[in-house]
Amino acid sequence: MPQNSTGENGFCFAQTLDFSRPSLPPGEPGQTFDVLSGQEACGTPLSNGTVSSGAPSPSDSCAEPLCSTTPGEEETRFGKGIKYVSAEGEDLACGWGGFTPGCLQPFNTSKGVLFFLCVASFLQGMTVNGFINTVITSIERRFDLRSYQSGLIASSYDIAACVCLTAVSYFGGNGHKPRWLGWGVLVMGLGSLVFALPHFTTGRYEARSAAEVGVCGGNQSLPCTQAASSLSGYRFVFMLGQFLHGMGATPLYTLGVTYLDENVKTNYSPVYIAVFYTAAILGPAAGYLVGGMFLNIYTEIGREIDITPENTLWVGAWWIGFLGAGAASLLISIPILGYPQRLPGSQRYIVMRVSEAHQLKDGSHKKASDPDFGKTVKDLPRSVLLLLKNPTFIFLCLAGATEATLIAGMSTFGPKFLESQFSLSASEAATFFGYLVVPAGGGGTFLGGFLVNKFKLRCSGIIKLCLLCTVSSLLSIFIFFIHCPNMPMAGVTQMYEGSALPGGRLNLTAACNAECGCLRETYSPVCGSDDVMYYSPCHAGCKKVSENLRNGKKVYHECSCIEKTLLPGPGDAEAGKCTSSCEKRPLLLFFMFVVILFTFLSSIPALTATLRCVSDRQRSFALGIQWIVVRTLGGIPGPIAFGSMIDKSCLLWQDQCGEQGSCYVYQNLAMSRYTLIAGLVYKVLGTTFFIVACLLYKPPSPESAPGSSDTSENGNCDLQEHKPSLPAEEDI
């Protein structure tokens, strides 16, 4: 674009304007010709520093339209007066360096970019928000981690993003976006491979099987080794893998969003971004489902073992998903690296764009319209200052942070919540949570972008939609007043005789198992015929073991601590947790679905409002700053806070030779209450921030905005009626 000097009411220039235009099918009238050079033209400044043709102003020294036809020139379908010329010296072909094969050019479109970015965001979501959250319980068990340590692993992703966001969004926003995106996806793939590394560098996982645990009177010796406790040091390897994930995904949700926004029509932008984010939401859903399947495979593949996935000592093949996702990320980075800095024909959308940026009282927002603004490091402090002076942007960032806290916390520990409330195995809980996230998260994300496009909402209307969604999810979160009661467990939630424990203290030893010599280090829960859980077959006083041919589970007999329901004498027990028959399960799942739906329903509208309330040249940088705020105040403390909160509701800790390990049993009532309190606090804050953002938003006045106040099909102020309009082509 030519360099223009901007005046207060507009500007004049005497240079040739170049508007890029994709190649046209043969046989159509000539669609490319030069704007008259040497003739002054007038225009109204748009938000990005480009110009739109305008009626001559009496105060201007020039009185010629921006683009005019010479007499006798053939009219084209673009309308009278609008001409396009190819950009001189700009290579818009798809390829790598000088290698630009013709077979790749059909993919050099906004739909092609959308497809590859969707695959990348799907892989990122599946890995970071799917696999990691699914396997968190298995990693805690395998490497003797506590919940706050696994929360720190989850937060490492956001820590890396905060470190990289400023540089990536500022320099990448003014640079070659696809190259930043491609290298980011490649780094993300390396992070997945690093995350799977501990499986191959540690020894075999030795789970004490049901036979080894023994029954009452058997050999209960368990040598204490320091090897088990040293495994917790592998959390630093997991943190490194997450750090690489965060570095690689940083360009994806800043530069990827603005690259899509710049290369499609304004009214189609929310739909494109919604599709992009829907793929990012379906990724975690797939991660929960596929990860849950992998957890049904024993971590040491090919090794025979007689415990089942229902056993709390079971560790599934948590590492398989990371290997596959890492390899796929490395492959998908190759086509992304081949895209040009901007797509052919994208400049015509820039010309059509009308600013909805928040208007500052001192008029300093106009500085961002300078074409040279933001190209050097010197402009970085001024860019930050312009964003900090935009109250709508600030409160949208704060609202996003409150939502991110809940999303990060619940996505990390949501499966664990279901596992505890409904007495499920880790794989069953992950699959359940996946069934919730697929329709609620994915559907809500796409629906949010669709509503913005359908009702052609302006910035203030979009913020009101976000407010409505937040209030709806706030009301639904009261469902956490109810909970499923804990399954009775002898010595943990009740005494062996069935009465409550005095003072809530654990007492796993009773008269019926006092002579068995049971160890606290050996946790292998069994479900008695009296529907009470016991710490292990030994703690239930069982003396014999057999196998249930119907389901392959171990069955224990002559258990002195279990009374038969019909006949006098010792009862039986089956390996695994007792099945919960909680009547509140459907109600709890339904309202959890509603909370997830409305939380994600506001995500794309909030993102669209952020893009529209700032100047075009600051969009990438604004998203970067927003992500820093969201991660610093939400994404990083969210999992850590939720992990510490869940630790407080633990009833039974793992005992590793006197050292406290991971939690075995949680108190469901306390877990629900803590979740309710956290949800209410953050939802009320989010509602408040959206209200303030809506009240403080100051749109451009009709006089200062280019064109009239009439609304066009794009949902923006249309150009003045006497100005030529661009063709409405099919872009989606």
Side-chain angles (χ1 to χ4, degrees), residues 45-48 257-258 260-262 264-274 277 349-350 352-361 363-366 368-369 386-400 403 448-471 601-623 625-626 629-630 686-719:
L46 293 187
S47 59
N48 50 21
V257 171
T258 51
L260 286 174
D261 185 61
E262 292 165 359
V264 297
K265 280 185 178 180
T266 303
N267 62 321
Y268 289 150
S269 176
V271 179
Y272 271 73
I273 296 173
Y277 268 87
Y349 304 130
I350 299 176
M352 296 168 64
R353 180 167 289 138
V354 179
S355 175
E356 294 182 61
H358 175 83
Q359 305 295 291
L360 301 177
K361 291 182 179 179
S364 57
H365 58 277
K366 296 178 182 177
S369 298
L386 282 176
L387 292 177
L388 292 179
K389 290 166 68 175
N390 188 333
T392 304
F393 171 75
I394 294 298
F395 282 102
L396 284 176
C397 289
L398 294 175
E403 296 292 286
F450 174 78
L451 290 176
V452 173
N453 181 54
K454 176 70 175 176
F455 296 106
K456 305 189 185 334
L457 297 177
R458 302 297 295 271
C459 191
S460 58
I462 294 172
I463 299 174
K464 292 173 184 175
L465 174 62
C466 296
L467 179 60
L468 177 64
C469 295
T470 308
V471 171
L601 186 63
S602 66
S603 59
I604 297 302
L607 182 67
T608 306
T610 302
L611 289 172
R612 293 191 182 181
C613 76
V614 299
S615 301
D616 280 9
R617 298 191 67 84
Q618 285 197 295
R619 290 187 173 197
S620 295
F621 188 55
L623 284 185
I625 296 297
Q626 184 181 53
V629 175
V630 166
T687 303
T688 305
F689 291 143
F690 277 126
I691 290 174
V692 176
C694 187
L695 293 176
L696 295 182
Y697 173 64
K698 182 182 178 183
S701 59
E703 309 86 58
S704 63
S708 66
S709 59
D710 296 330
T711 303
S712 69
E713 64 172 353
N714 295 333
N716 293 317
C717 293
D718 206 351
L719 300 178

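Keep in mind that the numbers below use all heavy atoms, side chains included, and drop hydrogens, waters and symmetry copies.
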Among Leu451, Thr608, Ile462, side-chain contact (heavy atoms from CB on, under 4.5 Å) partner for Pro270: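 Exactly one option meets the side-chain contact (heavy atoms from CB on, under 4.5 Å) with Pro270, and it is Thr608.
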Ile463 and Thr392, any side-chain heavy atoms less than 4.5 Å apart: yes
4.5 Å side-chain heavy-atom contact, Glu403 and Ser602: yes
Return the [atom1] to [atom2] distance between [X] and [Y], rounded to the nearest 0.5 Å.
{"X": "Leu607", "Y": "Asp261", "atom1": "CG", "atom2": "CG", "value": "9.0 Å"}
{"X": "Phe450", "Y": "Phe455", "atom1": "CZ", "atom2": "CZ", "value": "7.5 Å"}
{"X": "Leu696", "Y": "Leu396", "atom1": "CG", "atom2": "CG", "value": "10.5 Å"}
{"X": "Cys613", "Y": "Gln618", "atom1": "SG", "atom2": "CD", "value": "10.0 Å"}
{"X": "Leu260", "Y": "Leu611", "atom1": "CG", "atom2": "CG", "value": "10.5 Å"}
{"X": "Leu465", "Y": "Cys694", "atom1": "CG", "atom2": "SG", "value": "11.0 Å"}

By side chain to side chain contact (heavy atoms under 4.5 Å, CB included) - contacts of Leu467 (at least two apart): Val471, Thr687, Phe690, Ile691
At their closest point, which heavy atom of [X] faces which heavy atom of [Y], and how far apart are they?
{"X": "Ala609", "Y": "Cys459", "result": "O-SG, 3.9 Å"}
{"X": "Thr470", "Y": "Gly686", "result": "CG2-C, 4.1 Å"}
{"X": "Val264", "Y": "Ser269", "result": "CG2-CA, 3.8 Å"}
{"X": "Arg612", "Y": "Leu457", "result": "NH1-O, 2.8 Å"}
{"X": "Ile604", "Y": "Gly449", "result": "CG2-CA, 3.7 Å"}
{"X": "Cys469", "Y": "Leu601", "result": "SG-CD2, 3.5 Å"}

Check against side-chain contact (heavy atoms from CB on, under 4.5 Å), Val614 and Phe621: CA-CA 10 Å; Val614 299; Phe621 188 55; over 6 Å; no
